[in-house]
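In what follows, a single structure is set out as structure tokens and then discussed.
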There are 2 protein chains.
Amino acid sequence: MIDEETARERVVSTADRLFYAHGVQAVGMDAVRTEAGVSLKRIYALFPSKDDLVLAVLRHRTDLWDTGIADAVAGAATPCGKLLAIFDFLATWFREDSFRGCAFINVFGELGGGSETVAEAVREQKASFQRRVAELVREAGAPDHLAPQLALLAEGAQTTAAISGDPEAAGHARAAADTLIRCALADS
Amino acid sequence: MIDEETARERVVSTADRLFYAHGVQAVGMDAVRTEAGVSLKRIYALFPSKDDLVLAVLRHRTDLWDTGIADAVAGAATPCGKLLAIFDFLATWFREDSFRGCAFINVFGELGGGSETVAEAVREQKASFQRRVAELVREAGAPDHLAPQLALLAEGAQTTAAISGDPEAAGHARAAADTLIRCALADS
DNA sequence: CATTGCAGAGAACGCTCGTTCTCTGACCTT
DNA sequence: AAGGTCAGAGAACGAGCGTTCTCTGCAATG
């Protein structure tokens with residue numbers, strides 16, 4: 001029998017992959033069981049309901065996103081470079097075969113109207129990203145109003161890339177961000 | 001007994017409202033029947049399956065969006081004003097009580113992974129909007145690369161306003177658009 | 001070695017939903 | 001006025017899902 005932590009991780013990462021690819025409601029618990037190789041009894045011992053599993057998946061995605069952004073930002077030297085690095089991170093992500101848009105936006109569209117806990121988790125993830133951008137904007141010495149503008153570009157790039165299938169959305173967002181950053185720095 | 005066109009319109013607008021508020025899969029055909037006041041037999045005579053109804057709803061939304069944008073743009077005098085009018089239109093929309101994000105993005109997140117026809121309808125609506133923006137950019141005499149940047153801002157504003165619940169996303173997008181337009185005109 | 005307990009597989013249950021069918025009553029025709 | 005046609009209400013059906021239960025087999029303990 002496998003370790004509890006291993007089982008939990010297998011279930012969450014399997015559910016993440018399936019929910020992301022097909023939508024939450026389109027994936028049954030049986031499919032999670034089969035692909036994760038963990039019995040239903042075990043899954044329900046770890047996560048009392050499907051909603052709990054969804055929340056665990058969102059937490060998992062949040063961690064992945066946070067470390068991805070942190071790594072990308074850490075690779076840049078200047079504050080402006082750190083801001084632009086976010087869009088380079090997006091460009092890489094958009095080119096992955098499994099890319100199907102922002103999981104948080106997707107799940108918000110699917111379940112946000114019915115589950116307040118899911119809506120809250122999505123809201124918190126987006127707010128956290130905005131805080132992160134605001135921090136980098138301040139470090140760059142640019143005016144505060146730049147931060148929500150850059151965040152908007154990042155969000156728009158994710159949905160556009162998902163729907164059109166064109167990863168070049170990241171390039172457009174990066175170019176727009178570059179222009180906005182320059183203007184903001186020139187004004188201040 | 002009511003007219004066929006009236007029945008069709010009642011069903012589509014009811015389904016639109018319900019699907020938009022709660023998600024497609026969360027709304028049963030019984031709920032559409034009850035709220036529209038049209039019998040199931042009639043509904044299935046007009047739309048052979050729920051998928052067909054979803055597509056009809058998307059067409060309906062496309063029409064609403066197109067006329068909304070057209071009206072907003074028509075109210076502005078200069079080409080630049082027409083571009084900014086798009087964001088004023090968004091600002092008004094975001095303040096509606098029923099606002100819950102872009103219906104196309106929501107339905108894409110929920111069903112795009114499973115239904116190619118739905119994905120295609122969403123893709124086409126977004127592409128049509130991008131063409132519209134590109135047209136206005138050309139009329140304004142700005143370089144072509146501006147268009148996808150402005151479209152990104154509009155998309156990002158829609159998702160951000162939906163998730164955060166803050167209609168001010170439209171204001172941020174408008175300000176960013178204004179900056180980008182000025183820079184693009186100065187460069188050309 | 002016999003026994004107890006526990007984990008896994010998957011059958012079972014209750015519910016919901018998309019779709020179809022049936023019955024009833026009203027209207028139209030002659 | 002009688003008979004036929006058609007629309008509406010909602011029951012019915014079959015499938016799928018989340019969740020629980022049962023049975024089987026294995027492993028640990030005395």
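The sequence lines fix the lettering, A, B, ..., with proteins before strands; numbering per chain opens at 1.
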Practice task
Compute both the distance and the angle, then confirm whether A:Arg8 meets the cation-pi test with A:Phe47: under 6.0 Å from the six-membered ring centre, within 45 degrees of the axis.
Solution key: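 Judged by the rule (NZ or CZ under 6.0 Å from the ring centre, within 45° of its axis), A:Arg8 counts as positioned above A:Phe47.
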Completion exercise
Quick tally for nucleotides 13-27 of chain D: nucleotides whose base has a protein heavy atom under 4.0 Å get B, sugar-phosphate-only ones S, the rest -, giving -----SBB-------
Taking the side chain from [X] and the backbone from [Y], do they hold a donor-acceptor pair closer than 3.5 Å?
{"X": "A:Glu110", "Y": "A:Gln25", "answer": "yes"}
{"X": "B:Ser115", "Y": "B:Gly112", "answer": "no"}
{"X": "A:Gln130", "Y": "A:Lys126", "answer": "no"}

Exercise for the section: Establish, with yes or no, whether the OP1 or OP2 oxygen of D:dG8 is under 4.0 angstrom from a side-chain nitrogen or oxygen of B:Arg42. Expected result: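 For B:Arg42, the contact criterion (side-chain N or O under 4.0 Å from OP1 or OP2 of D:dG8) is met.
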Problem - Ionic contact status for A:Asp178 with A:Arg182, cut-off 4.0 Å - result: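 Counted as a salt bridge, because a side-chain N and a carboxylate O are separated by less than 4.0 Å.
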Handout entry: B:Phe47 CZ to C:dT19 C1', straight-line distance once rounded to whole Å
Key =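 Nearest whole value for this atom pair: 16 Å.
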Handout entry: Donor-acceptor pair (no angle test) under 3.5 Å: B:Arg33 side chain, D:dG10 base
Key =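 Checked by distance alone, the answer is yes.
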Practice task
Side-chain contact test, heavy atoms from C-beta onward, threshold under 4.5 Å: evaluate it for B:Trp93 versus B:Leu90 and give yes or no.
Solution key: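 Yes; the side chains approach each other to less than 4.5 Å.
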Practice task
Examine B:Trp65 together with B:Phe104 and report whether their ring centres are nearer than 6.0 Å.
Solution key: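 Distance test on ring centres: not under 6.0 Å, no.
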Practice task
May I ask you to list the residues of residues 6-14 of chain A, by number, that have any heavy atom positioned under 4.0 Å from an atom of DNA chain D?
Solution key: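 The answer is none.
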Practice task
Scan side-chain atoms only and decide if A:Asp16 and A:Ser13 contain a donor-acceptor pair under the 3.5 Å cut-off.
Solution key: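 Not at all, the side chains of A:Asp16 and A:Ser13 share no donor-acceptor pair under 3.5 Å.
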